[in-house]
Amino acid sequence: MNYTWSFSALKDYTNCPKQYQEIKVLKNFYKNPTAEMTYGNVVHKACEDYVAKDTPLAKNYHQFKPVLDVLRDIPGIKYPEQRLALDRDHGPCRWTDGWVRGIVDLLIVDGEAAFIVDYKTGGTKYADPKQLKLMALMTFAHYPEVNTIKAGLLFIVHNSFLTEEYKREDIDKLWGAFEGDLQRLSASFESDVWNPNPTPLCGWCPVKSCDFYKERR
């Protein structure tokens, strides 16, 4: 089945196949960026520029400086906003040829070791380390010299780090975290069955054609 995916796209599918179909496949509707998303993009850019380019932080982001200084002091080559892609055989490929694509907010490679950081501006309640697993798989593929990875979701507003560690021998196990969802996604493309998943989030869904659509008040 000829489709491409990313961590966020696969998560959208598991949250609601119907919404995924209408937005990602049929492109009948569009998700407008929220204020939280816009704020997150601005903070991401500020962190990226400070760590990689030594661009001074704006006054309202000075509280992030201590934790960002820790990242700046990690030895190795720093790759901000590193775009990585893999083909269907899980091998490295160009972004435009990717079966799966992902962007690492900050990748640091130091010989056989690597560090992966993903900045988060929201809360820690719904933290999902599967994103780190996918970024680790891409890093192992693109950097064959890397054998160990320390990865973390940095909840920068809350000064909190959710960390995981991976070894190259974990690759098959890491792919196993995605197999079930990818099988279901493939089945939906093959059967053209995209069942809705009604949740309290329906009030924020733009898919007006869905039976569970709720007009926000």
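Start at 1 with the first residue, then count along the sequence. Predicted model, so just to flag it, every value in this text is computed and none were measured.
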Is there a side chain to side chain contact (heavy atoms under 4.5 Å, CB included) between I103 and W95? Walk through the geometry before answering. CA-CA 10 Å; I103 301 176; W95 180 265; 3.7 Å; yes
Go through the steps to decide whether V100 and M138 satisfy the test side chain to side chain contact (heavy atoms under 4.5 Å, CB included), and finish with yes or no. CA-CA 9 Å; V100 55; M138 292 182 166; 3.6 Å; yes
Before you tell me yes or no, could you show the steps for C210 and E22 under side chain to side chain contact (heavy atoms under 4.5 Å, CB included), namely the whole-Å CA-CA distance, both residues' side-chain angles and the distance that decides it to 0.1 Å? CA-CA 9 Å; C210 180; E22 292 287 350; over 6 Å; no
Going through the distances and angles, do Q21 and L26 end up as a side chain to side chain contact (heavy atoms under 4.5 Å, CB included)? CA-CA 6 Å; Q21 180 205 27; L26 301 177; 3.8 Å; yes
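By the 4.5 Å heavy-atom criterion applied to side chains, Q19 and P196 are not counted as neighbours. Between Y166 and F140, some side-chain heavy-atom pair lies under the 4.5 Å cut-off. Here the side chains of L154 and L71 are in contact, with some heavy-atom distance below 4.5 Å. At least one side-chain heavy atom of L68 sits less than 4.5 Å from a side-chain heavy atom of C47. Contact of the W194 side chain with the V25 side chain is registered, since non-hydrogen atoms from C-beta on lie closer than 4.5 Å. For the pair F161/V70, no side-chain contact is recorded, criterion being any heavy-atom separation below 4.5 Å from C-beta on. Counting only heavy atoms from C-beta outward, the side chains of D181 and K11 never approach each other to under 4.5 Å. Here the side chains of K45 and D49 are in contact, with some heavy-atom distance below 4.5 Å.
A donor-acceptor contact shorter than 3.5 Å links the side chain of K78 to the backbone of I74. With hydrogens and angles ignored, the 3.5 Å screen pairs no side-chain donor or acceptor of S160 with any backbone N or O of I156. For the pair N197 (side chain) and N15 (backbone), a donor-acceptor distance under 3.5 Å is present.
For the pair R72 and Y50, the cation-pi criterion (under 6.0 Å, within 45° of the ring axis) is fulfilled.
The aromatic rings of H90 and W175 sit parallel, their planes meeting at an angle under 30°, below the 60° perpendicular limit. Ring geometry, F64 versus Y61: the interplanar angle falls under 30°, so the pair is classed parallel (tilted spans 30 to 60°). The aromatic rings of W99 and Y3 sit tilted relative to each other, their planes meeting at an angle between 30° and 60°.
Atom CG of D172 sits in a sparse spot, with 12 or fewer heavy atoms from other residues, nucleotides or ligands closer than 6.0 Å. Shown here is D211, whose CG atom has no more than 12 heavy atoms of other residues, nucleotides or ligands within 6.0 Å. Within a 6.0 Å radius of NZ in K167, other residues, nucleotides and ligands contribute 12 heavy atoms or fewer.
One finds the NE2 atom of H142 at 11.0 Å from the CG atom of L137 (value rounded to the nearest 0.5 Å). The NZ atom of K120 sits 7.5 Å away from the CG atom of D105 when rounded to the nearest 0.5 Å. Of the inter-residue distances, the one linking L86 atom CG with L134 atom CG reads 7.5 Å to the nearest 0.5 angstrom.
Ion pairing between a basic and an acidic side chain is recognised when a charged N comes within 4.0 Å of a carboxylate O; D97 and R94 show such pairing. At a threshold of 4.0 Å, the pair D170-K133 does not count as salt-bridged, since none of the basic side-chain nitrogens sits closer than that to a carboxylate oxygen.
Between S188 and Y20, the side chains place no donor N or O within less than 3.5 Å of an acceptor N or O (distance only, hydrogens not considered).
Evaluation of the ring-ring contact (aromatic ring centres under 6.0 Å, His included) rule for H44 yields Y119 as partners, not counting sequence neighbours.
Nearest heavy atom pair, residue L10 against residue F178, reads CD2-CD2, 4.0 Å.
In the hydrophobic clustering, where aliphatic and aromatic side chains (Ile, Leu, Val, Met, Phe, Trp, Tyr) are joined below 4.5 Å either directly or transitively, I23 groups with F29, V207.
In the hydrophobic cluster analysis, where Ile, Leu, Val, Met, Phe, Trp and Tyr join through side-chain heavy atoms closer than 4.5 angstrom, V109 is grouped apart from F115.
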